[in-house]
Amino acid sequence: HRDLVVTATGVNKVFDGTTDASVTLSHDALAGDAVTVDYTSATFVDANIGTNKTVHVTGITITGGGDAENYTLTNTTETTTANITVADTDAEVSATPSSQQYSDEVTFKATISPDDLGGVAPATGVTFKVGIQTMGSAALIAGTGSDAGKLVAILEDVALLAPGSH
């Protein structure tokens with residue numbers, strides 16, 4: 001029997017709020033020998049966005065191949081790295097009425113989608129600004145109707161003030 005060393009290469013993923021990971025396995029079997037390997041679990045050390053994050057691989061086994069019986073597996077676990085990248089979200093902001101003058105009352109609306117990234121909300125609130133003037137903040141809540149699947153924040157009846165007015 002010949003020793004078989006299995007190595008893992010982490011597969012990058014987009015943030016989904018979980019530690020689930022994927023890897024590709026390779027081994028040092030002799031060229032031309034048919035040996036297949038697999039694993040039962042691969043997990044990131046945490047679910048946060050980052051680069052070169054540790055991935056733990058467990059349950060590595062020889063699963064088949066015509067030459068498998070000629071090999072003894074030397075490792076059933078492996079550690080590698082991969083990245084968790086930022087998930088794309090879409091944001092839309094509107095003001096009603098669409099044409100305003102100073103002292104008009106305006107309603108601001110912001111929508112963010114998707115509303116859920118693997119069980120984690122992409123944001124919890126929105127601060128509305130016109131230029132450098134903060135108009136107010138609103139919590140994001142689950143949208144309904146045409147806003148289903150989005151987070152929605154609404155700031156109603158805000159008076160637009162001329163620059164320098166308070």
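One is the number of the first residue; the rest follow in order along the sequence. Keep in mind it's a predicted model, so treat the numbers as computed, not measured.
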Heavy-atom closest pair, residues Ser26 and Thr7: OG-OG1, 2.7 Å
same_hphob_cluster(Leu155, Val152) at 4.5 Å side-chain heavy-atom cutoff: no
Approximate separation, where rounding is to 0.5 Å, of Phe15 CZ and Thr85 OG1: 10.5 Å
Pairing residues for Asp147 by the side-chain hydrogen bond (donor to acceptor under 3.5 Å, both in side chains) criterion, not counting sequence neighbours: Lys109
Asn75 (side chain) donor-acceptor with Val6 (main chain) under 3.5 angstrom: yes
Any pair counted as side-chain hydrogen bond (donor to acceptor under 3.5 Å, both in side chains), so long as it reaches residues 38-47, sequence neighbours left out: Asp46-Lys53
pair Leu4-Asp28: side-chain heavy atoms closer than 4.5 Å: yes
Got a list of side-chain donor-acceptor pairs under 3.5 Å for residues 54-67, not counting sequence neighbours?
from	atom 1	to	atom 2	distance (Å)
Thr63	OG1	Thr36	O	3.4
Thr63	OG1	Thr36	OG1	3.2
Asp67	OD2	Ala34	N	2.7

Pairs touching residues 69-86 that satisfy salt bridge (charged side-chain N to carboxylate O under 4.0 Å, His left out), sequence neighbours left out: none
In one Ile/Leu/Val/Met/Phe/Trp/Tyr side-chain cluster, 4.5 Å: Leu73, Tyr71: yes
Heavy-atom side-chain proximity of Asn48 to Ile84 below 4.5 angstrom: no
Minimum heavy-atom distance between Ala47 and Thr19, given as atom pair plus value: N-CG2, 3.7 Å
Side-chain donor or acceptor of Asn83 paired with backbone N/O of Asn52 under 3.5 Å: yes
Interatomic distance, Ile49 atom CD1 to Thr51 atom OG1 [nearest 0.5 angstrom]: 11.5 Å
Non-neighbouring partners of Ser137 that pass side-chain hydrogen bond (donor to acceptor under 3.5 Å, both in side chains), sequence neighbours left out: Thr127
side-chain contact (heavy atoms from CB on, under 4.5 Å) partners for Thr24, two or more places apart: Thr9, Val11
Asp20 backbone acceptor or donor facing Lys13 side chain under 3.5 Å: yes
Nearest heavy atoms of Val23 and Ala42, plus distance in Å: CG1-CB, 4.2 Å
Main-chain N/O of Val37 paired with His27 side-chain donor or acceptor, under 3.5 Å: no
